[in-house]
Undergrad: 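A single structure is presented below for examination.
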Amino acid sequence: QLQLVESGGGLVQAGGSLRVFCAASGRTFSSYALGWFRQAPGKERESVATITRDGGSTFHADSVKGRFTISRDNAKNTVYLQMNDLKPEDTAVYYCAASRLAGLPRLSYNYNYWGQGTQVTVSS
């Protein structure tokens, strides 16, 4: 069992930066691939970034590539999403999720545990 709690969201102006965190409880954190997803009002949940169990490989969606960076610290049971040069279209609830699959799972149904989400709002 793994419990995930996001934090660090908030309101920021376009062009600004935010770093969202996801802290996990459980002794098997390093056994999970991790992902960040987001869901804007009226839109489907989409994958933003994914990281392998050991943090050695990452995936970033084209819409955030070069602006967002996913990372993890297995000693602290935490995964991060650094978001730079934020745009109004990045406004959404951001969720972290954990998957038992190896590699870089990208589909939401491949994830076994989810956090409650943190709101990120980017004003123009």
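Excluded from the calculations below are hydrogen atoms, water molecules and symmetry mates; all remaining heavy atoms, backbone and side chain alike, are included.
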Undergrad: Checking the side chain of Thr91 only, and the main-chain atoms of Val122 only, is there a donor and an acceptor separated by less than 3.5 Å?
TA: yes
Undergrad: Any side-chain heavy-atom pair from Ile51 and Ser57 closer than 4.5 angstrom?
TA: no
Undergrad: Using atom types as modelled and distance alone, determine if a side-chain donor or acceptor of His60 lies under 3.5 Å from a backbone N or O of Ile70.
TA: yes
Undergrad: Side chains of Asn84 and Ser17: do they bring a donor and an acceptor to under 3.5 Å?
TA: yes
Undergrad: Should we count CD of Gln116 as having more than 12 external heavy atoms under 6.0 Å?
TA: yes
Undergrad: Quick check: does any side chain N or O of Ser99 sit under 3.5 Å from a backbone N or O of Asn110, one acting as donor and the other as acceptor?
TA: yes
Undergrad: Do Leu18 and Leu86 touch side chain to side chain, with heavy atoms closer than 4.5 Å?
TA: yes
Undergrad: Do you know which two heavy atoms are closest between Ser71 and Val79, and how far apart they sit?
TA: O-CG2, 3.2 Å
Undergrad: Under 6.0 Å from the six-membered ring centre of Tyr95 and within 45° of its axis: does the NZ or CZ of Arg45 meet both?
TA: yes
Undergrad: Closest approach of Leu4 and Ala24, non-hydrogen atoms and distance?
TA: CD2-CB, 3.5 Å
Undergrad: Counting only heavy atoms not in Lys65, do more than 12 sit closer than 6.0 Å to its NZ atom?
TA: yes
Undergrad: Salt bridge between Asp90 and Arg38, side-chain N to carboxylate O under 4.0 Å?
TA: yes
Undergrad: Decide side chain to side chain contact (heavy atoms under 4.5 Å, CB included) for Thr58 and Thr50; before the verdict, give the C-alpha distance in whole Å, the side-chain angles of both, and the deciding distance to 0.1 Å.
TA: CA-CA 6 Å; Thr58 60; Thr50 307; over 6 Å; no
Undergrad: Taking the six-membered ring of Tyr80, is NZ or CZ of Arg19 closer than 6.0 Å to its centre and within 45° of its axis?
TA: yes
Undergrad: Which pairs pass salt bridge (charged side-chain N to carboxylate O under 4.0 Å, His left out) with one or both residues in residues 98-124, sequence neighbours excluded?
TA: none
Undergrad: Hey, what do you get for CG (Asp54) to OG (Ser31), rounding to the nearest 0.5 Å?
TA: 11.5 Å
Undergrad: Run the side chain to side chain contact (heavy atoms under 4.5 Å, CB included) check on Gln1 and Tyr113 step by step: do they pass?
TA: CA-CA 8 Å; Gln1 189 79 4; Tyr113 301 103; 3.9 Å; yes
Undergrad: Quick check, are the ring centers of Phe68 and Trp36 under 6.0 angstrom apart?
TA: no
Undergrad: Which atom names give the shortest non-hydrogen contact between Phe59 and Ser47, and what distance separates them?
TA: CE2-OG, 3.9 Å
Undergrad: Can you give me the closest heavy-atom contact between Pro88 and Ser124, atom names plus distance?
TA: CG-CB, 3.9 Å
Undergrad: What I'd like to find out is whether the side chain of Val48 reaches to under 4.5 Å of the side chain of Leu81, using heavy atoms alone.
TA: yes
Undergrad: Are Phe37 and Val20 in one and the same hydrophobic cluster, where Ile, Leu, Val, Met, Phe, Trp and Tyr link if side-chain heavy atoms are under 4.5 Å apart?
TA: no
Undergrad: Of the non-hydrogen atoms in Ser30 and Asn74, which two are nearest, and what is the gap between them?
TA: CB-ND2, 3.5 Å
Undergrad: Please report the interatomic distance CD(Gln82) to CZ(Arg67), rounded to the nearest 0.5 Å.
TA: 12.0 Å
Undergrad: For the side chain of Glu46 and the backbone of Gln39, is there at least one donor-acceptor N/O pair under 3.5 Å apart?
TA: no
Undergrad: Looking only at heavy atoms, what is the nearest atom pair of Ser108 and Trp114, with distance?
TA: O-CZ2, 3.5 Å
Undergrad: Take Phe29 and Leu34, measure what side chain to side chain contact (heavy atoms under 4.5 Å, CB included) needs, and give me the verdict at the end.
TA: CA-CA 9 Å; Phe29 180 76; Leu34 301 170; 3.3 Å; yes
Undergrad: Applying the 4.5 Å side-chain criterion to the ILVMFWY set and letting contacts propagate, would Met83 and Val93 be lumped into a single cluster?
TA: no
Undergrad: Does either side chain, that of Gln119 or that of Thr121, offer a donor lying less than 3.5 Å from an acceptor on the other one?
TA: yes
